[in-house]
Amino acid sequence: MGRSRESSVEGSRTAVPDAAVESAGAASGAGGRPARSGATLGSDFLQLDIADAPPGGRTAWLADRLRSAIADGRLPVGARLPASRVLAEELRVTRGVVTEAYRRLSESGQIAGRGRGGTVVVAAPARPAPPATPPMAPTAFDRPSSPSSSTSGHRASRPGTPTAPDAFFTASPHRDGLVDALRGLPCRIDLSPGVPDLAAFPRTAWLRAERAVLAAATPADFGYGSPQGAPALRRAVVGWLARNRGIRADPDDVVVVAGVAQALGLLAQLLRADGVDRVAVEDPGSLGARQQLEYGGHTTVPVPVDAGGLDVDALRASGARAVLMTPAHQFPTGVVLDGERRRELLRWAAGGGVVIEDDYDAEHRYDRPPVPALRSLLPDAVCYAGSVSKLLAPALRVGWLLVPPHLRDALVTAKRYADLGNGVLTQLVLARLMDSGELERHLRHVRRRHRRRRDVMLRAVEAHLPGARVHGAAAGLHLMVTFADGPGSRVPDTALAAAALARGVKAHPLSWHRLTPGPPGLVLGYAAGAAHDIEEGIALIGEALRNLPAPA
């Protein structure tokens with residue numbers, strides 16, 4: 001097998017179908033040698049016996065055996081896997097079978113290449129917690145019963161039988177903690193929106209930057225930092241925004257926050273202190289963002305979104321003095337606020353309105369030119385929020401907020417009393433990644449991976465979801481699909497999401513993100529999943545759709 005067929009764990013570019021990988025080795029052993037008649041085609045490693053693999057499915061079989069061993073602890077975190085050449089020799093398969101199986105586990109974040117250190121296990125799936133009485137709390141939800149294995153997913157129920165997923169998705173979409181509760185449910189394939197490719201987190205670059213920061217740190221760097229944020233990160237954010245979002249700012253304009261969620265919570269305080277208690281929101285729009293404002297004491301007023309973005313005439317008619325929006329890549333529709341609407345919005349803001357710009361994933365674009373941030377056009381009326389949650393990982397909890405000058409001091413005060421400021425060391429490491437160009441390199445890398453996964457999802461939707469219309473494919477980390485006709489138009493999207501969850505697949509029903517009625521649909525994330533999981537997940541949603549009874 002030539003070098004062009006081999007792929008490293010960390011550098012693979014395209015998925016190789018099982019049949020293509022195995023065709024060259026169907027009648028030969030590793031390296032093209034004929035398999036010995038009667039030989040034991042197995043390995044001492046995990047007692048693998050290639051005779052157990054189905055014809056044409058050796059790659060999937062090997063990947064599943066490795067996943068099971070990681071899940072049950074036979075391959076703990078830190079365990080080293082055999083070299084692909086060695087394992088291929090022992091199993092008497094082509095090396096491509098092993099490297100493709102390793103690549104699949106690498107894309108799901110379970111293993112990683114360590115150069116001369118080999119390929120090691122870096123993460124194991126969380127095991128479902130044992131059944132317990134749900135706590136008596138306003139955010140508690142009935143959870144579906146856990147499967148016998150953490151990798152087996154949920155079993156499909158008999159049609160018409162009430163299930164825990166049904167009960168979950170029929171809960172009020174306005175209930176606090178709904179998205180968080182869904183995030184905590186076990187599943188086999190997660191197509192929830194809003195998560196980047198976590199397996200691509202630049203561990204090596206992060207560790208290198210962390211070592212450099214620790215080597216240069218002074219004793220003062222280990223104390224309480226400024227609640228406004230470390231000066232080094234505020235300078236780096238200014239450079240990042242200038243290069244990537246067209247925003248000209250001064251480091252004093254930047255307040256470092258614990259993600260966009262905290263930014264919205266702080267803004268809710270400031271707006272209420274300024275006499276604003278009603279905030280317009282896009283409809284459809286992010287359920288989580290809307291709930292942040294509602295928790296802060298605001299009434300949210302829906303404003304429709306169409307192909308041109310937010311309807312500014314409807315915004316004027318709402319009487320709201322502030323609006324929360326995602327103009328560069330509207331969530332969940334994916335539309336861009338067009339030029340005429342931008343001009344109308346800026347005229348509205350110039351008359352005393354406040355725009356809260358959630359720039360949540362604008363850097364992830366594939367088939368369209370960049371769109372400048374609204375903050376770059378009218379800094380005195382736009383509160384701009386961004387973070388690294390969609391660039392690197394939500395676990396870092398680092399973001400930034402820029403507000404009009406008259407709100408800055410009040411914002412810093414609110415941040416001080418909220419938490420005294422973000423962790424300084426994480427800020428310094430992130431600043432180094434930004435200043436060194438590593439963050440741009442990472443963004444280019446994940447764009448390629450996200451684009452490939454998006455293309456897989458588009459093909460799968462076309463094949464398995466008849467009547468589905470795709471929205472927002474040119475950018476972002478998710479697709480929105482609506483069902484204007486076909487079987488999907490005749491059932492509630494919550495019922496479809498529940499049936500998918502019963503088959504082990506998570507997705508958001510579009511109705512969760514609406515305040516007013518509209519066509520049923522789903523919001524499907526593709527960035528965090530491996531290509532084969534995306535394809536299987538959409539196929540399972542299609543199966544669920546075909547088996548849903550039409551409403552009477």
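For reference, positions follow the sequence shown, starting with 1.
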Just to verify, what does R451 make a salt bridge (charged side-chain N to carboxylate O under 4.0 Å, His left out) with, not counting sequence neighbours?
D367

Has R248 got more than 12 heavy atoms of other residues, nucleotides or ligands less than 6.0 Å from its CZ?
no

Between M325 and V303, is any pair of side-chain heavy atoms under 4.5 Å apart?
no

Side chain to side chain contact (heavy atoms under 4.5 Å, CB included) between L293 and V281, intermediate numbers included:
CA-CA 10 Å; L293 295 175; V281 294; 4.2 Å; yes

So do the side chains of E438 and W206 get within less than 4.5 Å of each other, counting heavy atoms only?
no

Mind checking whether D313 and R316 have side chains closer than 4.5 Å, heavy atoms only?
yes

Contact summary for D306 and V335, nearest pair of heavy atoms:
O-CG2, 3.7 Å

Of L545, T482, V481, which is the lone residue that meets side-chain contact (heavy atoms from CB on, under 4.5 Å) with L522?
V481

D358 versus F331: any side-chain heavy-atom pair under 4.5 Å?
no

Passes ring-ring contact (aromatic ring centres under 6.0 Å, His included), H364 versus H478? Steps please.
CA-CA 10 Å; H364 299 288; H478 72 273; over 10 Å; no

Non-hydrogen side-chain atoms of I538 and M457 separated by less than 4.5 Å
yes

Is there a side-chain contact between V355 and L345, using heavy atoms and a 4.5 Å cut-off?
yes

Stepwise, does the side chain to side chain contact (heavy atoms under 4.5 Å, CB included) test hold for H450 with D361?
CA-CA 12 Å; H450 292 163; D361 71 351; over 6 Å; no

Does the side chain of R375 reach to within under 4.5 Å of the side chain of C383, using non-hydrogen atoms?
no

Do the non-hydrogen side-chain atoms of V354 and V276 ever get within less than 4.5 Å of each other?
no

Dump the intermediate steps for side chain to side chain contact (heavy atoms under 4.5 Å, CB included) on R290 and L287, then the final yes or no.
CA-CA 5 Å; R290 186 173 76 238; L287 169 63; 3.2 Å; yes

Residues passing the salt bridge (charged side-chain N to carboxylate O under 4.0 Å, His left out) test with E210, sequence neighbours excluded, are none

